[in-house]
Structures are given as C-alpha cells and as structure tokens.
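First comes the structure, then the notes that go with it.
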Amino acid sequence: MEHILEMVGRTALAFTLMMVITRLLGKQTIAQMTYHDFVAAITLGALTANLAFNVQMKMWNLITVLLTFSGIAYLLMLLSLKYRTLRKWFSGQPTMMIQNGKILEQNMKKLKFSLDTLNQELRERNIYNIEEVQFAVLELNGEISILRKPEYLPVTRKDLKLKTDRQWFPVELIMDGHIVQDNLKQNNLTIEWLMSQVQKKGLTISEVSYAVKSSNGHVYFDRYDDQMSNPIDKE
C-alpha cells in the first residue's frame, strides 16, 4: 500500500511539474517543435517518466535534474530570442522547396524530403497541380507554406471592388449554459444587452447551451433542446 501511495504521489508531482514547466517554456514548445523544442520535449518527457515510475532513484535527485534541464531550456529560449545567430543554430531555418515554380531537388535531398511527400503536402492544401505553385517553403515546425502563382490565386472582394462589411473577432457569450462574464466585460457588452438578445429568440439563459457574437456582428444561439426528431448519432 505504501508503494502504491508513493507512486501516486510521484505521478501527481511529475504532472504538476510538467504543467508548470510547459507554461514557463510557452506555447511555442508545443506548437512549433523546432530542433530545440523537440529535444527539450523528449528529454523532459523521459525525466518526468522516471520521476513518476523509477522508484529506485531518489525523487529529489530527479527533481533537481528536471529543474536544471528546464532552466537550461528556458535560458536557451531567451538567448535564441535575443540573438538571431543562436536562433538559427537552435531552431534551424526555413528551407525553400519550390522557387519560381521550379522544384529544388538538392534542398529536398538534404532534408530527406521525397516528391511523394511534397505532393501529399500540396494536396492537403487543395493543390493538385504542382504547376500552380510559385513558392513552397518548409517552415521550422515542419509545415509547408505555399504561395500560388498569380493566375491561380483566388479572387477576393477587393479584386471585384465589392463593399466589405466590418468584421469583429467572435465573442463567446454563453458556454454550457453559463454567461461568460469576462468576455462581456472585455468587449463592452452588458448583461442587459445579452438578455435582450436571448429574449428576442424567445429563450432563457438556462435553455441556451452556446451563444456567440460572430465576426459579422450576428448573435448565434444553440439550444440544449435541438428539437430534432431523428438526430444522427453515429460513432
């Protein structure tokens, strides 16, 4: 029983430490996964696993190693933000895959990037003809950025000289039947205004699962009771 309690405690401590460290290192460690972030994530994961399960090693020794490594990762992150030369070495640089419509085979060879993979990446961006591509760049996080040739770019409202309505960032007003007070306050919206919008729909707050003020200014409501006779429910 004592052994189980120790394992539970170590696991909880490991999870807590990783949450704190991840918050410290920032979202880019999760989102970008550059060389530096990749090494940091793998090493931190291994150290955390040892902290949780390796009862043969003293807990405080593992905590010391974990915190030391986290400090190093954080310091390198700060240095890479300050010095561009170090940032290039730690994170790497974007690599051109297609330039002026020409595939750069040497760059692809250096990156172990095949034509099949390139075509797959293009298809995932709804590009089925490689001749449409002007530039393709492999970014630091492994994603490919594409710029189409001018003749294949989609037409915009500006091109057609159409009037463009003003847009706002969507504001979530109600979630899970509860008013999101912070969002109302940050966007200078009042409870009275929200209640008037709810009443216009003939609803009450308790009947609303989700409400959002869309980017076009319209308010969208989703009820708990969808009033559907045969809703689709398939795994």
Side-chain angles (χ1 to χ4, degrees), residues 26-28 30-34 84 87 91-108 111 113-176 179-203 208-223 226-228 231-232 234:
K27 295 179 181 178
Q28 67 273 12
I30 302 172
Q32 294 180 0
M33 289 301 288
T34 60
R84 190 166 185 268
R87 184 162 66 249
S91 302
Q93 298 182 70
T95 304
M96 191 72 69
M97 312 290 283
I98 298 177
Q99 182 175 352
N100 292 322
K102 304 295 183 182
I103 300 174
L104 303 182
E105 288 84 0
Q106 290 300 318
N107 285 359
M108 293 181 59
L111 296 170
F113 209 90
S114 69
L115 286 171
D116 288 332
T117 305
L118 177 61
N119 281 322
Q120 176 185 331
E121 294 286 344
L122 294 178
R123 288 193 298 270
E124 289 177 355
R125 288 155 181 77
N126 293 322
I127 298 176
Y128 289 83
N129 299 311
I130 200 167
E131 64 185 27
E132 298 180 18
V133 180
Q134 183 81 22
F135 293 98
V137 181
L138 184 64
E139 303 291 359
L140 301 180
N141 61 357
E143 295 289 331
I144 288 188
S145 299
I146 305 293
L147 177 64
R148 296 174 186 257
K149 293 178 180 177
E151 58 267 33
Y152 295 108
L153 290 173
V155 177
T156 65
R157 296 179 67 88
K158 184 177 180 180
D159 296 329
L160 298 175
K161 298 181 179 180
L162 297 176
K163 181 181 177 181
T164 302
D165 296 329
R166 183 181 175 185
Q167 290 189 317
W168 293 266
F169 193 82
V171 181
E172 292 175 327
L173 307 170
I174 300 174
M175 293 189 71
D176 299 322
I179 297 174
V180 187
Q181 300 277 2
D182 289 341
N183 286 359
L184 292 178
K185 191 178 298 182
Q186 291 171 8
N187 291 275
N188 298 318
L189 300 173
T190 64
I191 295 289
E192 291 74 20
W193 172 84
L194 177 58
M195 293 302 299
S196 68
Q197 296 296 315
V198 173
Q199 290 168 4
K200 284 180 182 178
K201 295 290 184 178
L203 301 171
V208 179
S209 169
Y210 181 69
V212 59
K213 185 180 180 184
S214 304
S215 58
N216 58 10
H218 297 159
V219 181
Y220 167 81
F221 290 94
D222 182 76
R223 301 174 53 168
D226 292 316
Q227 297 181 340
M228 296 177 65
I232 298 174
K234 295 182 179 179

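Just so we're clear, the structure is a prediction, and the values are computed from it rather than from any experiment.
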Which pairs count as salt bridge (Lys or Arg N to Asp or Glu O under 4.0 Å) when at least one residue sits in residues 179-202, sequence neighbours excluded? none
May I ask you to decide if Asn183's main-chain N or O and Asn187's side chain share a donor-acceptor pair within less than 3.5 Å? yes
My understanding is that only one of Val155, Thr156, Leu160 makes a side chain to side chain contact (heavy atoms under 4.5 Å, CB included) with Lys158; could you say which? Thr156
Less than 4.5 Å apart, side chain to side chain, heavy atoms only: is that true for Val208 and Asp222? no
Who are the side-chain hydrogen bond (donor to acceptor under 3.5 Å, both in side chains) partners of Asn188, not counting sequence neighbours? none
Sorted by chain and residue number, the side-chain hydrogen bond (donor to acceptor under 3.5 Å, both in side chains) partners of Ser145 (sequence neighbours excluded) come out as Glu139
Under 4.5 Å between any side-chain heavy atoms of Val219 and Leu194, yes or no? no
Measure across Leu189 and Lys213 and return the closest heavy-atom pair with its distance rounded to 0.1 Å. CD2-NZ, 4.3 Å
To the nearest 0.5 angstrom, please state how far the CD1 atom of Ile179 sits from the CD atom of Gln181. 5.5 Å
With a 4.5 Å limit on heavy-atom distance, are the side chains of Phe135 and Asn100 in contact? yes
Do any N or O atoms from the side chain of Asn129 and from the backbone of Glu131 form a donor-acceptor pair under 3.5 angstrom? no
Taking every non-hydrogen atom, the tightest pair across Ser215 and Pro170: N-CG, 4.2 Å
Report yes if the side chains of Tyr210 and Ile174 come closer than 4.5 Å at any heavy-atom pair, otherwise no. no
For a quick test of your reading: what N or O donor-acceptor pairs under 3.5 Å do the side chains of residues 114-123 make, sequence neighbours left out?
{"residue": "Ser114", "atom": "OG", "partner": "Thr117", "partner atom": "N", "Å": "3.2"}
{"residue": "Ser114", "atom": "OG", "partner": "Thr117", "partner atom": "OG1", "Å": "2.9"}
{"residue": "Asn119", "atom": "ND2", "partner": "Leu115", "partner atom": "O", "Å": "3.2"}
{"residue": "Gln120", "atom": "NE2", "partner": "Glu124", "partner atom": "OE2", "Å": "3.3"}
{"residue": "Glu121", "atom": "OE1", "partner": "Arg125", "partner atom": "NH1", "Å": "3.1"}

Can you confirm whether Gln134 sits close enough to Pro150 that some side-chain heavy atom of one is under 4.5 Å from a side-chain heavy atom of the other? yes
Pair Lys149-Val133, side-chain contact (heavy atoms from CB on, under 4.5 Å): steps then yes or no: CA-CA 6 Å; Lys149 293 178 180 177; Val133 180; over 6 Å; no
Decide yes or no for Leu184 and Leu173: does some side-chain heavy atom of the first lie under 4.5 Å from some side-chain heavy atom of the second? yes
Smallest heavy-atom separation, Ala136 atom then Ile146 atom, equals CB-CD1, 3.7 Å
Working to the nearest 0.5 angstrom, can you tell me the gap between Ile98 CD1 and Asn107 CG? 11.5 Å
In chain order, what residues pass the salt bridge (Lys or Arg N to Asp or Glu O under 4.0 Å) check against Arg148, with sequence neighbours excluded? Glu132
Spacing of CD belonging to Gln197 relative to CG belonging to Leu203, to within rounding of 0.5 Å: 11.5 Å
Decide yes or no on side-chain contact (heavy atoms from CB on, under 4.5 Å) for Met97 and Leu104, but give the supporting numbers first. CA-CA 5 Å; Met97 312 290 283; Leu104 303 182; over 6 Å; no
Taking only residues two or more places apart in sequence or in another chain, which ones pass salt bridge (Lys or Arg N to Asp or Glu O under 4.0 Å) with Glu172? none
What is the minimum heavy-atom distance between Ile103 and Glu105, and which atoms define it? O-OE1, 2.8 Å
Shortest non-hydrogen contact from Val137 to Pro94? CG1-CB, 3.7 Å
